[in-house]
Amino acid sequence: MKLLVIEDEKKVASFIKKGLEEEYYTVDTAPNGKIGLEMALEGDYDLIILDYMLPFKDGLTVTRDLRSEKFAKPILMLTAKDKIQDKVECLDAGADDYLTKPFAFEELIARIRALLRRAENEKSNLLKIHEFSLDTQSHKLHVGNSEIELTPKEYSIFEFLVRNKNKVVSRTRLTQHIYEYQFDTDTNVIDVYINKLRGKIEPYTSDEVIQTVRGIGYIVKD
Ligand code: CA
């Protein structure tokens, strides 16, 4: 999952980024509302974390602009304000949830997970594919009672393919999903990860779980 953090306080932004990366999310940051709005509309983000007080364009305006551009992904607003009226204003502008600063990181993570589950219309944290199940909370891959150890990038790639099952996912899209904005990466890196993933899951199945679509990318079918 790829998230965008729009926050002008560098310390807060890097604290959130670091913590979320430890939870296997790919995270970009934007230093103000104007850049944040552009990145949110151009990038393929699964969720936006947005500060209320921002230079150039405040969080409320960014939220309204995103929603008027038909941006449909969840928006979580961070606010130092804790008056009922301010919270109502955030939600009315189109935010899905808000968190009052200072907040406990555990709560931020839990709210993000809940918003992503809701967005994907999932009741549980388990994604099933063939004989495998992915736990989107613990980021573990299981087959029967065994756990298959995956690196964070391998897990992210597999989860992305499973979430997009029955659709061809291009190498470029996979690269954009697991790397940060402006991260200059050769899409061949994806093939290396896919080979490692296949090497780990193939001993447990007779199915070809991750199929290559020549010249384009990969597909995971039901
Ligand atoms: Ca701020």
Side-chain angles (χ1 to χ4, degrees), residues 1-120 125 136-137 139 152-153 156 159-160 175-185:
M1 289 285 191
K2 190 168 192 176
L3 314 182
L4 175 64
V5 178
I6 311 175
E7 164 67 88
D8 57 316
E9 285 167 75
K10 274 193 185 146
K11 265 191 181 167
V12 179
S14 69
F15 166 76
I16 296 175
K17 178 177 164 72
K18 191 165 169 282
L20 290 175
E21 283 173 347
E22 284 168 8
E23 295 289 323
Y24 289 32
Y25 295 108
T26 303
V27 183
D28 282 335
T29 57
N32 63 56
K34 197 166 166 285
I35 295 176
L37 178 64
E38 283 166 14
M39 285 174 74
L41 291 173
E42 281 168 21
D44 195 3
Y45 297 105
D46 299 292
L47 181 143
I48 309 289
I49 298 162
L50 177 63
D51 189 30
Y52 188 107
M53 302 283 276
L54 288 169
F56 302 122
K57 230 180 222 294
D58 65 66
L60 272 187
T61 312
V62 173
T63 303
R64 289 196 188 106
D65 289 356
L66 281 171
R67 294 309 187 204
S68 73
E69 295 286 334
K70 306 279 180 268
F71 180 86
K73 296 295 170 71
I75 299 174
L76 172 63
M77 197 99 121
L78 302 177
T79 165
K81 304 183 169 202
D82 60 357
K83 290 202 196 99
I84 301 284
Q85 192 49 44
D86 297 321
K87 295 173 181 172
V88 169
E89 219 178 7
C90 289
L91 298 172
D92 281 349
D96 298 279
D97 200 0
Y98 60 82
L99 201 50
T100 310
K101 287 179 175 177
F103 53 84
F105 199 77
E106 282 298 308
E107 186 177 0
L108 175 67
I109 295 280
R111 284 175 188 265
I112 289 171
R113 274 200 301 264
L115 286 171
L116 290 172
R117 262 203 318 269
R118 218 186 294 162
E120 302 281 336
N125 294 311
T136 58
Q137 179 170 351
H139 312 288
K153 289 267 186 281
S156 300
E159 187 190 302
F160 193 62
T175 311
Q176 284 165 352
H177 186 73
I178 65 161
Y179 287 106
E180 291 151 34
Y181 192 68
Q182 290 173 336
F183 198 107
D184 197 13
T185 323

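The structure presented is a predicted model; accordingly, all values stated were derived computationally and were not measured. Counting convention: from 1, in listed order, for ligands and their atoms alike. Scope of the values below: all heavy atoms of this structure, side chains included, with no hydrogens, waters or symmetry mates.
Atom NZ of Lys87 has more than 12 heavy atoms from other residues, nucleotides or ligands within 6.0 Å.
Looking at heavy atoms from C-beta onward, Tyr98 lies out of side-chain contact with Tyr52 at the 4.5 angstrom threshold.
Taking the Ca ion (ligand 1) as reference, Asp8 places its N/O/S atom OD1 nearest.
Not one N, O or S atom of Tyr52 sits under 3.0 Å from the Ca ion (ligand 1). The nearest N, O or S atom of Asp51 is closer to the Ca ion (ligand 1) than 3.0 Å.
When the options Asp51, Ile75, Leu50, Leu78 are evaluated for a side chain to side chain contact (heavy atoms under 4.5 Å, CB included) with Ile6, the one that passes is Leu50.
Both tests hold for Lys153 against Tyr179: distance to the six-membered ring centre under 6.0 Å, angle to the ring axis within 45°.
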